[in-house]
Amino acid sequence: MPVNEPTAMYRMLHAESIAVIGASEDRNKFGGRLIYNLIHHGFKGTLYPINPKRETIFDLKAYPNITALPSGPDVAAVAVPAKALSETLRGCAKMGVKVAIVITSQMAESGEEGAKLQDEAVAIAREAGMRILGPNCLGALNAQADVCLSPSVTMSVDKLPKGRVGVASQSGALQTAMFIRAFDAGVGFSSCITVGNQADLELSDGFEYLVDDPDTDAIFVYVEGIKDLERFRTAAQKARAANKPVVAVKAGRTEEGAAMANSHTASLTGSYDAFVALCESLGIVVTDQPDTAVLCADALARWGAPKAEGVAVFSGSGGAAALAADAIAESSFHASKLSGPAIDHLGEHLPHRKETAIIDFGGYRSPFVEDVMIESMETVADDPDTGALLMIMTPQPCMEQLAAAIRSIGTDKGVPALLCNKSGSLVDEQVNKDAKELGYPIYTSLDDCYRVIEALMAYKRILESAEGDIATEPATPEINAAARVLAPGLLTEPEAKGLLAAAGAPVTREQMAMSPDDAVAAAREIGFPVVMKGVARGLIHKSDAGAVKLNLADVAAVRSAFAEIEVAIAEAAPDAELAGCLVQEMATGGVAEAFIGASWDPQHGPAVLVGAGGVFVEVLKDVQMAAAPVSPKKARTMIEGLKLWPLFAGPRGRPKADVDALADIVHRVSVLAAHLGPQLGELDVNPVIVRAEGEGALCVDARAVWNAPQ
Ligand code: ADP
Ligand code: MG
């Protein structure tokens, strides 16, 4: 029981009285399934069917209207046509209903007219202090308490699968599809919540409920878009603090950002990448399919983090074992590297010495002896490097006995033990039945098994790393001062570099020059050779326009460069206001070029990127992204994660790049992004010239999109 006033989610999922408005005996209707599912799954409280045309529904007394009830129920489940919604909700409000679950669709999702009705519904609820789930949702259920407030056809299953996985989903239909797949696999739920259009209660309300729910050990959130970043973040942090693993799937992996090619950052990242980066910073495991995600959440609820990153595979088929070896080679885990007792045991039964745990029972000197197979699995499960065990059940002797052995390893030893049935109906009879009755999962897809193992290992890494990845420095007065002088729009190179310098990142020494004489004076002060660049607001690609002159060695070169840049700008950007010529130090001694970017979006907050290749970053698309701010240590891990990392590490006798210096700039840019928030829409630092180890790195170009304060 929550200590404070129960939340709306709590009241709904522990309702003691429910009115079903639009109730019917026809299970082809939403209202019919709503009331049937409640009765069918043994709702223990008081049920009020509301239907003006009926005396009784499923032997319960029916009422013509919610206002005709003897007293107001906790919850009203509403399945009425859109036109009748406002009137219905007024009745609910009048009766003091706490939560209205609105199944009704044709609301904001269908256009302007629906949006108006939805706004009206919210206004009615707000005024009465009533909360709304939906509209356009598929309700919610608390399997542990037998409260099935869902009109989904999948709820016609014999009994609600009870388990430890809680689900909060922005899609109703997907949730119920996932529900039945999980049911078939023997996975059970604590509570499942669909939030539909989130007109009032939203995904994070469900997420928070599950974090607090003592019946939930792991959480699956299905996200279409984050409505309130702070609430999502808070719920995720509470889940971490409570040691509840969270698995997330996000819809829409398309890169809408690519359309906005104002900056490299925008074209290199879509909102999906930003979501993944956010989840990583919050310790949420991301996977790509709802069906699989729920299996991952179930495994995490059951086993938590494995003791090691090795995986042992058993099969009666040499072919299956070989395929498993391939799959493991491509994964982030490895086949268990066995030691002492396990090696000795296998030595007794295999014709050759074996140290990695991919084991084919068919290859034993005496194949398929029940006790021996079971002993093998148990011995290998006890090996210190075995974090998980996978049995690929091809048609073979002793299938039921092996399945039972897997279950007991998974239950008694606490080692994740996955059973993948590749024998179809051969084992359907007993093993599949056992899975459901004993509440132990059985998988039919090897891909699912590998993803589940990936999720377990990801969670292990989350628990081990986490701390130390996030930068903790407070913002500096220098950053505030640099930000104060900027006007909204595209920032020029010196403006963007002003922000970088304020964050302590090394930038080229440089001066603006308004005349050739100015430029000569600046060059003398900076020291030859110099670089000159045209600066004009809106001139995005300076070198494409011929407005970058490198390696200018003397006064004559500076004078002619000034004249050429003036012409180049007049041609390339005739409408741009010319701010002048930037004279800057020529960076020398680079051994590698890099790109650093920062971005902000309302759903996922600030992010930082690092990429290899400098000017070629868009061609190479080799970038790593993380939620900002990151520590220098995390920045270094990002750089090491680049495909082109070997170029920084000193390939073929070339000097090593100063990776620590680059990591420090990534960290500083991330602090800048985190501190400036929505004002810094995008920032590109490209290139960063990285010198040899110990010699530093230098930001030679930058641009940014600056937003008005919000
Ligand atoms: P833009 O990206 O707008 O075309 P840059 O300022 O990045 O213009 O300049 C283009 C290229 O010139 C850079 O990628 C870099 O290789 C080189 N460059 C620019 N400034 C310097 C500098 N100060 N020192 C050395 N090389 C530079
Ligand atoms: Mg550039």
Side-chain angles (χ1 to χ4, degrees), residues 247 276 280 285-289 292-293 295-296 299-300 303 305-339 342-343 345-347 350-364 376-377 379-394 396 406 409-410 415-422 443-462 464-465 612 620-622 624 637-647 649 651:
V247 180
V276 173
E280 191 203 0
V285 177
V286 179
T287 185
D288 56 359
Q289 286 170 23
T292 317
L295 300 177
C296 294
L300 284 163
W303 294 301
K307 71 174 193 277
E309 292 198 21
V311 175
V313 180
F314 294 90
S315 175
S317 146
L323 287 173
D326 286 344
I328 289 174
E330 284 169 6
S331 74
S332 74
F333 45 88
H334 60 263
S336 313
K337 296 187 191 70
L338 301 172
S339 46
I343 295 179
H345 165 86
L346 292 176
L350 282 166
H352 49 267
R353 184 177 163 85
K354 184 130 181 99
E355 293 182 358
T356 48
I358 298 184
I359 294 155
D360 167 20
F361 289 136
Y364 274 30
S376 295
M377 295 201 295
T379 312
V380 169
D382 288 337
D383 188 275
D385 195 44
T386 299
L389 207 127
L390 169 63
M391 167 82 220
I392 306 172
M393 186 88 84
T394 49
Q396 65 190 57
I406 283 284
I409 290 172
V415 175
L418 282 62
L419 178 63
C420 188
N421 175 19
K422 289 278 132 200
Y443 310 93
T444 50
S445 141
L446 272 171
D447 264 357
D448 279 350
C449 293
Y450 297 131
R451 286 200 173 100
V452 165
I453 297 171
E454 284 285 5
L456 289 165
M457 297 304 172
Y459 187 63
K460 177 175 173 9
R461 280 171 225 133
I462 285 167
E464 285 165 358
S465 77
L620 299 168
K621 293 215 183 309
D622 182 17
Q624 290 277 314
T637 313
M638 293 168 72
I639 300 164
E640 287 171 357
L642 292 169
K643 290 191 218 79
L644 290 177
W645 159 245
L647 291 185

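Keep in mind that this is a model prediction, so the values were computed, not measured.
Between the side chain of T386 and the backbone N or O of A312 there is no donor-acceptor pair closer than 3.5 Å. A donor-acceptor pair under 3.5 Å is formed between the side chain of D622 and the backbone N or O of L644. Judged by distance alone, with hydrogens and angles left aside, the side-chain atoms of T356 form no donor-acceptor pair with the main-chain N or O of I358 at under 3.5 Å. In this structure, the side chain of E355 does not engage the main chain of I343 through any donor-acceptor pair within 3.5 Å.
Considering CG of L323 and NZ of K422, their distance stands at 10.5 Å, rounded to 0.5 Å. Between the NZ atom in K354 and the OG atom in S376 there is a gap of 12.0 Å [rounded to 0.5 Å].
T444 and N421 share no side-chain donor-acceptor pair at under 3.5 Å.
In terms of heavy atoms, A612 sits closest to L642 at N-CD1, 4.0 Å. Between A320 and S315 the shortest heavy-atom distance is CB-OG, 3.5 Å. Taking each heavy atom of M377 and M391 in turn, the nearest pair found is SD-SD, 4.0 Å. The two residues W303 and A417 make their nearest non-hydrogen contact at CZ2-N, 3.5 Å.
Looking at residues two or more places apart in sequence or on another chain, you find a side-chain contact (heavy atoms from CB on, under 4.5 Å) between A327 and Y450. The side chain to side chain donor-acceptor pair (under 3.5 Å) search around D385 returns H334, not counting sequence neighbours.
Each of I406, I392, L390, L389 was scored for a side-chain contact (heavy atoms from CB on, under 4.5 Å) with F314, with one residue passing: L389.
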